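What follows is a short report on a single structure.
Lettering follows sequence order; numbering is per chain, from 1. Bear in mind that the values here come from a model prediction, so they are computed numbers and not experimental data.
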Protein chains: 2
Amino acid sequence: MDHVFRALADTTRRDIFQRVIGGGLSVSTLADDYEMSFAAVQKHVSVLERAALVTKERHGREQIVHGNLSTLRRAAALLDAFEEIWIGRATKIAEILGEKGSAT
Amino acid sequence: MDHVFRALADTTRRDIFQRVIGGGLSVSTLADDYEMSFAAVQKHVSVLERAALVTKERHGREQIVHGNLSTLRRAAALLDAFEEIWIGRATKIAEILGEKGSAT
DNA sequence: ATATTGTACAACCATATGGTTGTACATAAA
DNA sequence: TTTATGTACAACCATATGGTTGTACAATAT
């Protein structure tokens with residue numbers, strides 16, 4: 001999870017991820033749209049890959065980058081779990097304050 | 001957003017966040033449960049604070065750390081937006097494949 | 001056969017991160 | 001008043017990050 005959130009903690013990488021989750025794109029196609037060097041984009045893709053947010057599939061001389069939805073969902077689930085804790089607390093507070101009008 | 005995801009990209013910080021979203025805790029109370037120094041925990045809290053994931057409220061000589069749900073929700077919404085893009089793509093693929101049995 | 005394209009990888013640099021220890025100071029307890 | 005507690009902050013260190021340039025090589029065009 002450290003790797004996943006770290007990978008998402010960069011605007012360029014979130015942009016790359018957003019683009020490839022909409023459909024696979026080659027590394028050079030991705031790189032064309034950023035001001036930085038090709039190698040820099042390559043590194044960003046590698047960070048996303050290490051986090052399992054994307055996978056690469058070789059096709060001839062091109063390397064196609066695909067988004068990995070399952071890892072995204074694991075991250076989203078974690079954030080939801082945090083919110084659940086909050087809801088749990090809110091429920092407890094409601095219980096403590098006394099459930100006026102409640103059927104419990 | 002960079003700050004938010006970066007703040008979440010550390011196990012200790014996610015643990016701190018989880019604890020304080022369940023109810024405010026002082027920095028020293030938090031620090032007691034980790035092997036690292038008090039100053040290190042202080043820094044972690046500061047990273048969470050910079051990301052607006054937590055706020056600090058002084059109470060006597062103690063500093064109470066509270067979780068900030070709205071920032072959490074903004075992050076969760078971003079991840080959901082990525083999934084929406086995927087769903088959009090899946091819908092398009094379904095359209096391309098031809099909607100057998102569909103009423104459209 | 002030669003040139004171009006797409007990728008990989010290493011070396012290098014500046015800055016950020018995650019940890020430490022030490023000092024200082026205000027608040028609370030003895 | 002003296003002592004203990006809770007926090008703040010600076011200085012320092014090792015390692016990671018985000019960028020660069022340069023080199024190498026396989027696949028595709030010309």
Side-chain angles (χ1 to χ4, degrees), chain A residues 1-20 22-68 71 75 78, chain B residues 1-20 22-68 71 75 78:
Chain A
M1 266 304 152
D2 289 26
H3 289 309
V4 176
F5 285 116
R6 186 174 294 279
L8 291 171
D10 181 282
T11 307
T12 303
R13 285 197 294 264
R14 284 197 303 276
D15 193 67
I16 290 173
F17 181 67
Q18 175 166 344
R19 290 171 68 194
V20 302
L25 291 172
S26 75
V27 179
S28 52
T29 303
L30 285 168
D32 284 344
D33 285 4
Y34 304 102
E35 301 253 311
M36 68 193 72
S37 68
F38 175 80
V41 174
Q42 233 179 351
K43 279 195 186 181
H44 280 306
V45 170
S46 144
V47 169
L48 288 165
E49 195 180 13
R50 181 159 48 101
L53 278 164
V54 306
T55 56
K56 289 195 293 189
E57 176 207 3
R58 188 166 271 293
H59 218 263
R61 73 181 157 189
E62 290 185 331
Q63 195 84 261
I64 309 297
V65 183
H66 300 272
N68 183 354
T71 302
L78 210 165
Chain B
M1 267 304 151
D2 288 26
H3 290 309
V4 176
F5 285 116
R6 186 173 294 279
L8 291 170
D10 182 280
T11 306
T12 303
R13 284 197 295 264
R14 285 196 303 277
D15 194 67
I16 290 173
F17 181 66
Q18 175 167 344
R19 290 171 68 194
V20 301
L25 291 172
S26 75
V27 179
S28 52
T29 303
L30 285 168
D32 284 344
D33 285 6
Y34 304 102
E35 301 253 309
M36 68 194 73
S37 69
F38 175 80
V41 174
Q42 230 179 354
K43 278 194 184 180
H44 281 306
V45 170
S46 145
V47 169
L48 287 165
E49 194 179 13
R50 181 158 49 100
L53 279 165
V54 307
T55 55
K56 288 195 295 188
E57 176 208 0
R58 188 166 270 295
H59 218 263
R61 71 181 158 188
E62 289 186 331
Q63 196 84 261
I64 308 297
V65 183
H66 299 272
N68 184 354
T71 302
L78 210 164

How many whole angstroms separate atom [atom1] of [X] from atom [atom2] of [N]?
{"X": "A:Phe38", "N": "C:dC9", "atom1": "CZ", "atom2": "P", "answer": "12 Å"}
{"X": "A:His3", "N": "D:dT17", "atom1": "NE2", "atom2": "C1'", "answer": "13 Å"}
{"X": "B:Arg13", "N": "C:dA16", "atom1": "CZ", "atom2": "P", "answer": "15 Å"}
{"X": "B:Glu62", "N": "D:dT5", "atom1": "CD", "atom2": "C1'", "answer": "9 Å"}
{"X": "B:Asp10", "N": "C:dG19", "atom1": "CG", "atom2": "C1'", "answer": "11 Å"}
{"X": "B:Gln63", "N": "C:dT27", "atom1": "CD", "atom2": "P", "answer": "12 Å"}
{"X": "A:Glu57", "N": "C:dG6", "atom1": "CD", "atom2": "P", "answer": "17 Å"}
{"X": "A:Asp15", "N": "D:dG18", "atom1": "CG", "atom2": "P", "answer": "15 Å"}

* To do: Please tell me which of A:Lys43 and A:Ile64 maps to the more 5' nucleotide of DNA chain C, matching each residue to the nucleotide holding its nearest heavy atom.
  => A:Ile64

* Residue met sooner reading DNA chain C from 5', once B:His59 and B:Thr12 are mapped to nucleotides -> B:Thr12

* Counting side-chain heavy atoms from CB outward, which of D:dG19, D:dT17, D:dT7 is closest to A:Met36? -> D:dG19

At less than 4.0 Å, is any side-chain N or O atom of [X] found next to OP1 or OP2 of [N]? Yes or no.
{"X": "B:Gln42", "N": "D:dC9", "result": "no"}
{"X": "A:Ser37", "N": "D:dG19", "result": "no"}
{"X": "A:Arg6", "N": "C:dG18", "result": "yes"}

* Structure fact -> Nearest-nucleotide check on DNA chain D, B:Lys56 vs A:Arg58; residue mapping nearer the 5' end is B:Lys56

* Relative to the 5' end of DNA chain D, which residue comes earlier, B:Ala39 or A:Val47, by the nucleotide with the nearest heavy atom? -> B:Ala39

Specify the closest pair of heavy atoms between [X] and [Y], including all atoms of both residues, with the distance to one decimal.
{"X": "B:Thr12", "Y": "B:Met36", "answer": "OG1-CE, 3.6 Å"}
{"X": "B:Tyr34", "Y": "B:Asp15", "answer": "OH-OD2, 2.5 Å"}
{"X": "A:Arg19", "Y": "A:Leu25", "answer": "CB-CD1, 3.9 Å"}

To the nearest 0.5 Å, tell me how far [X] [atom1] sits from [Y] [atom2].
{"X": "B:Arg58", "Y": "B:Ile64", "atom1": "CZ", "atom2": "CD1", "value": "10.0 Å"}
{"X": "A:Ile16", "Y": "A:Thr11", "atom1": "CD1", "atom2": "OG1", "value": "11.0 Å"}
{"X": "A:Gln63", "Y": "A:Lys56", "atom1": "CD", "atom2": "NZ", "value": "5.0 Å"}

With a cut-off of 3.5 Å and sequence neighbours excluded, list every side-chain donor-acceptor pair involving residues 42-49 of chain B.
residue : atom : partner : partner atom : Å
B:His44 : ND1  : B:Arg13 : NH1          : 3.2

* Asked: Side-chain donor or acceptor of B:Arg61 under 3.5 Å from a matching atom on the base of D:dT7?
  -> no

* Contact residues, residues 23-33 of chain A to DNA chain C [heavy atom, < 4.0 Å] -> A:Ser26, A:Val27, A:Ser28

